[in-house]
Peer 1: 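First the structure, then my questions, so here it is.
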Protein chains: 2
Amino acid sequence: MAARKISNMLALAVLSLLHEKPMHPYEISATMKERGIPDVIKLNNGSLYSVVEALLKQGWIIPLETQREGRHPERTIYAPTETGRVGFHDWLREMVYEPAKEYPQFPAALAFIGHIPPPEMIELLELRIGFINKSIAERRAGIEFARGIGLSRIFVIESEYIIHQLDSELRWLTAFKEDIKNGSLTEQSEGETIWHMTTPADDAQLQNSKLQSKGTTLP
Amino acid sequence: MAARKISNMLALAVLSLLHEKPMHPYEISATMKERGIPDVIKLNNGSLYSVVEALLKQGWIIPLETQREGRHPERTIYAPTETGRVGFHDWLREMVYEPAKEYPQFPAALAFIGHIPPPEMIELLELRIGFINKSIAERRAGIEFARGIGLSRIFVIESEYIIHQLDSELRWLTAFKEDIKNGSLTEQSEGETIWHMTTPADDAQLQNSKLQSKGTTLP
DNA sequence: TCTCGTATACTCGAGATCGACTATATGGCT
DNA sequence: AGCCATATAGTCGATCTCGAGTATACGAGA
């Protein structure tokens, strides 16, 4: 039984819901949407059904019964098995205590910002700050609403975490922008800024190329 | 040409390196490892070759020549095309200014912590705090080393960002732990704590009474 | 009455991703 | 001389993931 762990977090959500009450996949999907789970876990029709299939194959869930209403496709109602329950709890605990190695896109992009001239970088950062402010506002509104209908804090704790992290990013972006502005990242070296990370050879290529001779010039 | 954008960040890294000098995939891989790029972008042999293939198909890179050394497999040296250069710069800018919708695992797990009893939760959080402290220390050591060999700050800016965010998470985790300890997350309700969702029955009651209309919160 | 939007419920195939594998060369150690 | 670890260079097939598609029901408005 329970050979290898499926990695898609959607499966964790499925197990959590089935842990509450047996459901068929479509109902799982609908319930998730009601609860706002797609805000933290990518929900996708196709993935949901294959994840359920995988859970079935691993013996973490079993079909209870199949119903049919009118001429709609059959719906199969699943419940967690005992191994499924144990697996769910273990997995959940693991997710909490052990940070996953993930690869968010922004730091990856930061690794190449040598290719972007500082003045433009400042504009881009300002745009990002705007976007992030917007999404913080949205999350906060969500929390306000939840509080309004008397929901306990644990039901929106993910949003609290996300807001905290977005807020932190905001502060970093602002500080970074300042560092670029006041030149602490673009020190002079032989009369040239050493921001542009491309090699001299590459610079030459760039100058020679017909298209790009102006785009990357420095202040 | 340049129909749709490939989404794998590995492709961005490939373009960045080819932008410096034409290389064959294996050299790209080696150079990435030298530069520590696998710390921010998942590098994998198989993926690298298929990403290169995709870039080729999109006309963003072209084979310059193919060499053969001894009886090793042939190696094909690629260079970016003009569209490739433009595409790279546009893509990079986009990554900087527009936050990607991503689904980190921890907040996803937080959405289900109702299933973990508070005392255990505290232990798990402490474990996580330990892990995060460790990875902060490692990143910091990396930055120290870079400074030691006279590298400019822009070459480790991703690490600065990551440390900043990890530090922020650390503070959140600590505060959260305190909130659990002092009971501000486990208020009493009809003589029972509304944290622990052990039995399915309790669970169902909770969901029904409290989570009815959360669906209208966030986009 | 007809049709349009939405809800119900799932299927499918194209493409992405990954880890494991293949095969050769080189240098150091016993 | 023989052997193993490592570097070189890339291939392959099994999953995984996703968006789009299929098919039915149903109520509201033109």
Side-chain angles (χ1 to χ4, degrees), chain A residues 3-14 17 22-34 38 41-58 60-61 63-78 100-103 105 108, chain B residues 3-14 17 22-34 38 41-58 60-61 63-78 100-103 105 108 215-216:
Chain A
R4 296 233 50 241
K5 194 170 3 191
I6 199 174
S7 64
N8 194 328
M9 287 299 255
L10 199 46
L12 192 72
V14 166
L17 294 199
M23 301 183 199
H24 55 93
Y26 187 84
E27 189 180 359
I28 294 174
S29 168
T31 311
M32 280 182 183
K33 279 171 196 154
E34 259 175 46
I41 294 177
K42 184 155 201 164
L43 172 56
N44 169 304
N45 255 357
S47 306
L48 178 62
Y49 284 91
S50 40
V51 148
V52 165
E53 186 97 3
L55 286 173
L56 182 63
K57 206 172 295 174
Q58 300 214 329
W60 285 28
I61 60 177
L64 276 197
E65 49 171 329
T66 63
Q67 305 173 338
R68 174 184 290 271
E69 205 155 309
R71 216 168 314 169
H72 281 299
E74 259 188 1
R75 49 194 201 185
T76 307
I77 292 172
Y78 296 93
K101 31 212 163 356
E102 291 172 305
Y103 299 88
Q105 307 207 356
Chain B
R4 295 236 56 242
K5 195 171 357 191
I6 199 175
S7 64
N8 195 328
M9 287 299 256
L10 199 46
L12 192 72
V14 166
L17 294 199
M23 299 183 198
H24 54 93
Y26 187 83
E27 190 181 359
I28 294 174
S29 168
T31 310
M32 281 183 181
K33 280 172 196 155
E34 259 175 46
I41 294 177
K42 183 154 202 166
L43 172 56
N44 167 305
N45 254 358
S47 306
L48 178 62
Y49 284 90
S50 39
V51 146
V52 165
E53 186 97 3
L55 286 173
L56 183 61
K57 207 172 294 173
Q58 299 214 327
W60 284 28
I61 60 176
L64 275 196
E65 50 172 328
T66 64
Q67 304 173 340
R68 173 185 290 272
E69 206 155 307
R71 217 168 313 171
H72 280 301
E74 258 188 0
R75 50 194 201 185
T76 307
I77 291 171
Y78 296 94
K101 36 226 152 351
E102 290 173 307
Y103 299 88
Q105 309 206 354
T216 54

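Everything quoted here is computed from the prediction, not taken from an experiment. Protein chains get the first letters and strands the later ones, always in sequence-line order, with residue 1 at the start of each.
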Peer 1: I need the CG-P distance between B:Leu56 and C:dG15, as an integer number of Å.
Peer 2: 16 Å
Peer 1: Do the non-hydrogen side-chain atoms of A:Leu10 and A:Met32 ever get within less than 4.5 Å of each other?
Peer 2: yes
Peer 1: Take atom CG of B:Leu43 and atom P of C:dG19, then tell me their distance rounded to the nearest Å.
Peer 2: 11 Å
Peer 1: Rounded to the nearest angstrom, tell me the gap between atom CD1 in A:Ile77 and atom P in C:dT8.
Peer 2: 15 Å
Peer 1: Would you say A:His24 places a side-chain N or O within less than 4.0 Å of OP1 or OP2 belonging to C:dC10?
Peer 2: yes
Peer 1: If you compare every side-chain N and O of A:Tyr49 against the phosphate oxygens of C:dC10 (OP1, OP2), does one of them come in below 4.0 Å?
Peer 2: yes
Peer 1: Over all strands shown, is B:Thr66 touching base, sugar-phosphate only, or nothing at heavy-atom distances under 4.0 angstrom?
Peer 2: nothing
Peer 1: Take the protein atom OH of A:Tyr103 and the nucleotide atom C1' of C:dC18, then report the distance between them rounded to whole Å.
Peer 2: 12 Å
Peer 1: With a sphere of 6.0 Å drawn around CD of B:Glu27, does it hold more than 12 non-hydrogen atoms of other residues, nucleotides or ligands?
Peer 2: yes
Peer 1: Any side-chain heavy atom of B:His24 sitting closer than 4.5 Å to one from B:Ile77?
Peer 2: yes
Peer 1: If every non-hydrogen atom of A:Leu43 is compared with every non-hydrogen atom of A:Pro38, which pair is closest and at what distance?
Peer 2: CD2-CG, 3.8 Å
Peer 1: Examine distances only and state if a side-chain atom of A:Ser29 and a backbone atom of A:Pro25 form a donor-acceptor pair shorter than 3.5 Å.
Peer 2: no
Peer 1: When we call it a touch if two heavy atoms are under 4.0 Å apart, what does B:Asn45 touch: a base, just sugar-phosphate, or nothing?
Peer 2: base
Peer 1: With sugar-phosphate meaning primed atoms plus P, OP1 and OP2, does B:Ser50 contact a base, only sugar-phosphate, or nothing at under 4.0 Å between heavy atoms?
Peer 2: base
Peer 1: Separation of B:Glu53 atom CD from C:dT17 atom C1', in whole Å?
Peer 2: 15 Å
Peer 1: For the residue pair B:Tyr26 and B:Tyr49, what are the closest heavy atoms and their distance?
Peer 2: N-OH, 3.9 Å
Peer 1: Which is true for B:Glu74 with a 4.0 Å heavy-atom rule: it touches a base, it touches only sugar-phosphate, or it touches nothing?
Peer 2: sugar-phosphate
Peer 1: Starting from the 5' end of DNA chain D, give me the residue, B:Glu27 or A:Ser7, whose nearest nucleotide shows up first.
Peer 2: B:Glu27
Peer 1: For a 4.0 angstrom threshold against heavy atoms of chain A, report the outermost contacting nucleotides of DNA chain D in 5' to 3' order.
Peer 2: D:dT17 to D:dA25
Peer 1: Drop me the distance from B:Leu17's CG to B:Tyr78's OH, to the nearest 0.5 angstrom.
Peer 2: 15.0 Å
Peer 1: Enter the distance from A:Leu55:CG to A:Ser50:OG here, rounded to the nearest 0.5 Å.
Peer 2: 10.0 Å
Peer 1: Give the rounded distance in Å between these two atoms: CD1 of B:Ile41 and P of C:dT17.
Peer 2: 12 Å
Peer 1: Per the end-axis method with five pairs at each terminus, what is the bend angle of the helix from C:dT1-D:dA30 to C:dT30-D:dA1, to 10°?
Peer 2: 10°
Peer 1: Taking B:Gln105's backbone N and O only, do any of them form a donor-acceptor pair with A:Glu102's side chain (distance below 3.5 Å, no angle check)?
Peer 2: yes
Peer 1: Figure out the NZ/P separation between A:Lys101 and C:dC18, and round it to whole Å.
Peer 2: 11 Å
Peer 1: CD/A:Glu53 to CD1/A:Ile61 distance, rounded to the nearest 0.5 angstrom?
Peer 2: 9.0 Å
Peer 1: Counting only side-chain nitrogens and oxygens, does B:Lys42 get under 4.0 Å of the OP1 or OP2 atom of C:dT17?
Peer 2: no
Peer 1: Over how many whole Å does the gap from B:Leu48 atom CG to C:dG19 atom C1' extend?
Peer 2: 15 Å
